[in-house]
Amino acid sequence: MPAEPLAMTLPASLAAERQGTVAILRLKRPEKRNALNDEAILGIETFFTSLPDDVSAVLLVGEGEHFSAGLDLSELEERDVTQGIAHSGLWHRAFGKIQFGKVPTVAVLHGAVVGGGLELAAAAHVRVAERSAYYALPEGSRGIYVGGGGSVRLPRLIGVARMMDMMIAGNAPLTNFAVMQALPRIAEMDPAAGYAVEALMSAIAQADPQAKARLTDFLEKRAPKVTR
Ligand code: 1HE
């Protein structure tokens, strides 16, 4: 069945099409490994709130060699705590439209599924992994904390212990505090309370000078990439 474009106004980093009753949302910024900036997150929200009534399911896919490298780290350099709280709230709202949307979403995972990319996948109803897929939460090594609902959704999928293991190796003081003190408590909270605490924790962590330094290190190619 041929794909047809879906009539929606989306940023250039996303593309929407349909094949019969299946809508496909494609992360389309392969040159930046589908890193998710504010524009893309707002576009994801637009897509899930503008689906035509005759769509019965959504496929969420990434173009290029990776599903998604997560948060666009270049945006974090300028953000203070207040902006960080609002930013996390934006992700929570957009991903809530996936989880509590009109139709089931299947995330098709390949290559790097990391950080906010894994948080995005966690908001889908079904995850299908190709053999190339690998998972990481590099927030730990960047000195930040998940802010896209990961501490609410991922413990329910993979458990607190596994998530701690994925984040603690970076040995960043604020991330370690978040992972040891906030994560296990958020995992036991009502999701609404969990999102609020996650927003606070991620905003505080990303505003710390040490986190900013680690982000600059990544952007200036002094910090390691995620490896399989
Ligand atoms: C990026 C990003 C990004 C790539 N933000 N620009 N996420 C991370 O810490 C993952 C960081 N990325 C990587 O570890 C690697 O890029 C990958 C393993 C995903 C892919 O490696 P590779 O060799 O295929 O690509 P690359 O050469 O590293 O990246 C290509 C370009 O994309 C390069 O830019 P260029 O201008 O030099 O070409 C990279 O800088 C850029 N790029 N990833 C910005 N993430 C709601 S809170 C969520 C918190 C998080 O998600 S933290 C996790 C962030």
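Side chains are part of it too, since the values below use all heavy atoms of this structure and drop only hydrogens, waters and symmetry mates. Remember, it's 1-based here, ligands and their atoms both numbered in the order they're listed.
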Trp91: numbered ligand 1 atoms lying under 4.0 Å from its heavy atoms:
46 (C)
Distance under 4.0 Å to a non-hydrogen atom of Glu31: what atoms of ligand 1 satisfy this?
30 (C), 31 (C), 32 (O)
Any N or O of Gly147 closer than 3.5 Å to N or O of ligand 1
no
Nearest non-hydrogen protein atom, atom 49 (C) of ligand 1:
Glu139 OE2, 3.2 Å
For residues 161-173, run the donor-acceptor check on the side chains, cut-off 3.5 Å, and write out each pair with its distance to 0.1 Å, sequence neighbours left out.
from	atom 1	to	atom 2	distance (Å)
Asn171	OD1	Asn176	ND2	3.3

Shortest protein contact, atom 1 (C) of ligand 1 (heavy atom only):
Phe218 CE2, 3.9 Å
Option whose closest heavy atom lies nearest to atom 51 (O) of ligand 1, chosen from Gly116, Ala199, Gly84:
Gly116
Are any side-chain N or O atoms of Ser68 and backbone N or O atoms of Asn34, one a donor and one an acceptor, separated by less than 3.5 Å?
yes
Hey, which atoms in ligand 1 end up nearer than 4.0 Å to a heavy atom of Gly70?
51 (O)
Any N/O pair Arg142/ligand 1 closer than 3.5 Å
yes
Are the side chain of Gln99 and the backbone of Gly96 linked by a donor-acceptor contact shorter than 3.5 Å?
no
Hey, what do you get for CE (Met201) to CZ (Arg185), rounding to the nearest 0.5 Å?
12.0 Å
Protein heavy atoms: any of them under 4.0 Å from atom 30 (C) of ligand 1?
yes
Taking every heavy atom of Ala199 against every heavy atom of Ser88, the minimum-distance pair comes out as CA-OG, 3.4 Å
Heteroatom distance test (Leu71, ligand 1): nitrogen or oxygen, under 3.5 angstrom:
yes
Where is the nearest protein heavy atom to atom 7 (N) of ligand 1: which residue, which atom, and how far?
Ala69 O, 2.8 Å
Pick from Arg228, Lys225, Glu65: the one approaching atom 27 (O) of ligand 1 most closely through a non-hydrogen atom
Lys225
For Ile144 and Thr175, which heavy atoms make the closest approach, and how far apart are they?
O-OG1, 2.9 Å
Please state whether Phe95 comes within less than 4.0 angstrom of ligand 1, counting heavy atoms only.
no
Output for pair (Phe177 CZ, Ile204 CD1), nearest 0.5 Å, gives 8.5 Å
Can you check whether Ala35's main-chain N or O pairs, donor with acceptor, with Arg29's side chain at less than 3.5 Å?
yes
Using heavy atoms and a threshold below 4.0 Å, how should the contact between Thr227 and ligand 1 be classified: side chain, backbone, both, or neither?
neither
Residue selection (non-hydrogen contact nearest atom 42 (N) of ligand 1) among Glu220, Gln206, His66, Lys32
Lys32
For atom 18 (C) of ligand 1, which protein heavy atom lies nearest, and how many Å away is it?
Val226 O, 3.3 Å
Options Arg33, Arg214, Glu198, ranked by nearest heavy atom to atom 24 (O) of ligand 1, top entry
Arg33
Gly148: numbered ligand 1 atoms lying under 4.0 Å from its heavy atoms:
46 (C)
Less than 3.5 Å between some nitrogen or oxygen of Lys221 and one of ligand 1, yes or no?
yes
Numbering the atoms of ligand 1 from 1, which are under 4.0 Å from a heavy atom of Ile144?
52 (S)
Close N or O approach (Leu73, ligand 1; < 3.5 Å)
yes
Nearest non-hydrogen protein atom to atom 53 (C) of ligand 1, with distance, is Pro138 CG, 3.6 Å
Can you tell me if Glu45 uses its side chain to pair, donor with acceptor, with the backbone of Ile98 under 3.5 Å?
no
Which residues satisfy the ring-ring contact (aromatic ring centres under 6.0 Å, His included) test with Tyr195, sequence neighbours excluded?
His92
Going by the atom numbers of ligand 1, which of them fall below 4.0 Å from some non-hydrogen atom of Tyr134?
18 (C)
For Ser74 and ligand 1, does the shortest N/O to N/O distance drop below 3.5 Å?
no
Which atoms form the tightest heavy-atom contact between Leu42 and Arg93, and what is the distance?
CD2-NH2, 3.8 Å
Would the distance check show the side chain of Glu17 and the main-chain N or O of Ile24 forming a donor-acceptor pair, the cut-off being under 3.5 Å?
no
Distance to 0.1 Å, residue and atom name: give those for the protein heavy atom nearest to atom 48 (C) of ligand 1.
Glu119 OE1, 3.4 Å
Nearest heavy-atom pair of Val160 and Pro155: which atoms, and what distance?
CG2-CB, 3.9 Å
Indicate the atoms forming the closest heavy-atom contact of Ala16 with Met8, along with that distance.
CB-SD, 4.4 Å
Closest non-hydrogen atoms of Arg79 and Lys212, given as atom of the first, atom of the second and distance, are O-NZ, 2.7 Å
